[in-house]
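Reviewing the structure listed below.
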Protein chains: 2
Amino acid sequence: MTPNKENFIKAIYELGGDHSVISNKKLVNNLSISAASVTEMNARLLKEKLISHVPYRGVKLTSSGIRIAHQLKRKHRIWEVFLFEKLGYDWNEVHADADLLEHVSSDLLIERLNDFLDEPKFDPHGGVIPNKDGSLPETSTFPLTDVGTGKPFKIKEVDDDKEFLNYLLEKDIQLGDRYTLTDVEPFDGPITLETPEGRQITIGHKAAFKILVDYVTE
Amino acid sequence: MTPNKENFIKAIYELGGDHSVISNKKLVNNLSISAASVTEMNARLLKEKLISHVPYRGVKLTSSGIRIAHQLKRKHRIWEVFLFEKLGYDWNEVHADADLLEHVSSDLLIERLNDFLDEPKFDPHGGVIPNKDGSLPETSTFPLTDVGTGKPFKIKEVDDDKEFLNYLLEKDIQLGDRYTLTDVEPFDGPITLETPEGRQITIGHKAAFKILVDYVTE
DNA sequence: ATATATTTTTAGGATATCCTAAAAACGTTC
DNA sequence: GAACGTTTTTAGGATATCCTAAAAATATAT
């Protein structure tokens, strides 16, 4: 397993390759490599039985592939917690270094780091940290686009993308914030939230989809 | 700069390539790669002006090469301090993981880690941590083989090699220990030390050479 | 349903790294 | 200083990764 293959598997996973078939095109855009390179890498991962492949359709992770993706996510997110909590990185700075560190982290290192950090359950963006064995803890979050009007909810997780995180900073939307939905425009139109203090924030449908929430249970 | 090239430069440095010409043979043994690969890598580093090369003689680091070697040592040793002090690694366990981490550590990461660790001056084996700019702090240590009889001295630094560290553990020789020399056999023969409590320890010449000491100043 | 556009694959190369085997240079020894 | 042994270099390949350009397959649109 090389850093390259690992990044490829991660990309497939992040595009939904654990449950649906991902086209080469999507991987080309996501990884910024040529279509030919995607075909080639597919062939390699196929040989290792980490993906299944429908010619001219795309690829999907096998169960081994999913397990590897989860273990990478575990490493990545544990590093993010370290960089954020111990080294004082900002919310939107942690991703790049974690992306490098995850590929050179022995299991021993990750487990000791995990202990050192007191076994965190979530990374700085609210992403759940997979278990050591590659399984995923249960979560009950769903996209902000699926929230019903009136019911109060909390921001539980946001997309781990530097530009998106900067946007949220601008809009002053933070992990743990509590809102109610006041307006949803049809045809994937903008969504308006209201803070308990009555401040209104309007964001687009795409941005809302990158925010995971859960209803407040009182 | 790739991890491979970095390791090559480190190997040259560790074999003394900052001050003398290192033969391909030595690099072949040290890096466990073929002679042909050494010739090839030499050509690459030569093109980048990181080494100078005397055909059929060997290579030597240029000043840029030395600076890079020092910066790598800095990264390596700061990681070692982290693994040892924060993650509870043993003295002889830190090397392998530090060797991987050093190649993916941005300057930002190293400086923040350095702050987090309170700017350590030495790694867990007593190795001095080079400065950020690639220069070396002054030290006054010298090999145990050069100690004179009678004068008390302290163990300041030991070779960062797993097997050697295990040997020292067996012999119960630790960083900071204070000894006097009681016997040196000629022809690179064994050297006998005595603790303040009168316990005697005998080690070979080669092992003694891997231990750096300094006289106790009282 | 046929033409056009898009996507995927194949073909053919480039570079970095590794290798083995053969050739060339150097060193050593009588 | 010629012969032998060692070290270095060269020659020729292998693999992983990347690429561009052309061909093949699929999707779309009139």
Side-chain angles (χ1 to χ4, degrees), chain A residues 1-17 20-62 64-65 68-69 72 99-100 102-104, chain B residues 1-17 20-62 64-65 68-69 72 99-100 102-104:
Chain A
M1 187 60 57
T2 66
N4 247 311
K5 279 186 196 164
E6 289 185 344
N7 280 329
F8 208 87
I9 287 172
K10 260 183 44 180
I12 296 171
Y13 180 78
E14 275 153 22
L15 292 168
S20 61
V21 167
I22 307 302
S23 71
N24 285 15
K25 189 72 198 302
K26 279 189 176 168
L27 290 166
V28 164
N29 294 335
N30 208 260
L31 292 164
S32 302
I33 57 173
S34 72
S37 297
V38 171
T39 298
E40 204 170 32
M41 185 62 98
N42 282 347
R44 257 175 252 138
L45 295 181
L46 193 63
K47 205 158 55 181
E48 293 175 46
K49 296 208 168 92
L50 299 175
I51 60 173
S52 58
H53 182 228
V54 186
Y56 290 96
R57 273 295 132 82
V59 296
K60 207 172 147 176
L61 293 171
T62 61
S64 330
I68 288 175
L72 282 167
D99 242 359
L100 296 174
E102 65 183 12
H103 301 296
V104 296
Chain B
M1 187 61 55
T2 67
N4 247 309
K5 281 186 195 164
E6 291 185 343
N7 280 329
F8 208 86
I9 288 173
K10 261 182 43 179
I12 296 172
Y13 180 79
E14 275 153 22
L15 293 168
S20 60
V21 168
I22 307 303
S23 71
N24 286 13
K25 189 75 199 302
K26 279 190 176 168
L27 290 166
V28 164
N29 293 336
N30 208 261
L31 293 163
S32 302
I33 57 173
S34 73
S37 297
V38 171
T39 298
E40 205 170 31
M41 185 62 99
N42 282 346
R44 255 176 253 138
L45 294 181
L46 193 63
K47 207 160 52 181
E48 293 176 45
K49 297 206 167 89
L50 298 174
I51 60 173
S52 58
H53 181 229
V54 186
Y56 290 96
R57 273 294 132 81
V59 296
K60 206 172 148 177
L61 292 172
T62 61
S64 329
I68 288 175
L72 283 167
D99 243 359
L100 297 174
E102 65 183 12
H103 302 297
V104 297

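Letters go in sequence order (proteins before strands), and every chain restarts at 1. All heavy atoms count here, side chains included; hydrogens, waters and symmetry mates do not.
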**Message:** For K10(A), give me all partners under side chain to side chain contact (heavy atoms under 4.5 Å, CB included), at least two apart in sequence or on another chain.
**Reply:** N7(A), E14(A), L72(A), H76(A), D99(A), E102(A)

**Heavy-atom side-chain proximity of V38(A) to F8(A) below 4.5 angstrom** = yes

**Prompt:** Starting at CG of N29(B) and ending at P of dT6(D), how long is that distance when rounded to a whole Å?
**Reply:** 14 Å

**Message:** With salt bridge (Lys or Arg N to Asp or Glu O under 4.0 Å) as the rule and sequence neighbours excluded, what pairs involving residues 52-61 of chain A come up?
**Reply:** none

**Request:** With sequence neighbours excluded, tell me which residues meet salt bridge (charged side-chain N to carboxylate O under 4.0 Å, His left out) with K5(A).
**Result:** E48(A)

**Item:** salt bridge (Lys or Arg N to Asp or Glu O under 4.0 Å) contacts touching residues 33-45 of chain A (sequence neighbours left out)
**Value:** E40(A)-R44(A)

**Item:** side chain to side chain contact (heavy atoms under 4.5 Å, CB included) involving N4(A) - partner list, sequence neighbours excluded
**Value:** T2(A), M41(A)

**Message:** Whole angstroms only, please: what is the NZ-P distance between K25(A) and dA5(C)?
**Reply:** 15 Å

**Message:** Just the rounded figure in Å: distance from P of dA25(D) to NE2 of H53(A).
**Reply:** 14 Å

**Contacts of type side chain to side chain contact (heavy atoms under 4.5 Å, CB included), residue T62(A), not counting sequence neighbours** = S64(A)

**Asked** Rounded to the Å, how far apart are N42(B) CG and dT7(D) P?
**Response** 16 Å

**Message:** Can you measure K26(B) atom NZ to dT6(D) atom P for me and round it to whole angstrom units?
**Reply:** 18 Å

Between the protein and nucleotides 22-25 of chain C, are there any N/O to N/O pairs under 3.5 Å, and if so, what are the atom names and distances?
| from | atom 1 | to | atom 2 | distance (Å) |
| --- | --- | --- | --- | --- |
| dA25(C) | O4' | Y56(B) | OH | 3.3 |

Under 3.5 Å between N/O atoms: give me all the protein pairs with nucleotides 16-19 of chain C, atom names plus distance.
| from | atom 1 | to | atom 2 | distance (Å) |
| --- | --- | --- | --- | --- |
| dT17(C) | OP1 | T2(B) | OG1 | 2.7 |
| dT17(C) | OP2 | R44(B) | NE | 3.4 |
| dT17(C) | OP2 | R44(B) | NH1 | 2.4 |
| dT17(C) | O5' | R44(B) | NH1 | 3.3 |
| dT17(C) | O3' | N4(B) | ND2 | 3.2 |
| dC18(C) | OP1 | N4(B) | OD1 | 3.0 |
| dC18(C) | N4 | E40(B) | OE1 | 3.0 |
| dC18(C) | N4 | E40(B) | OE2 | 2.9 |
| dC19(C) | OP2 | S34(B) | N | 2.9 |
| dC19(C) | OP2 | S34(B) | OG | 3.0 |
| dC19(C) | OP2 | S37(B) | OG | 2.7 |

**Asked** Of all residues at least two apart in sequence or in a different chain, which pass the side chain to side chain contact (heavy atoms under 4.5 Å, CB included) check with S34(A)?
**Response** A36(A), S37(A)

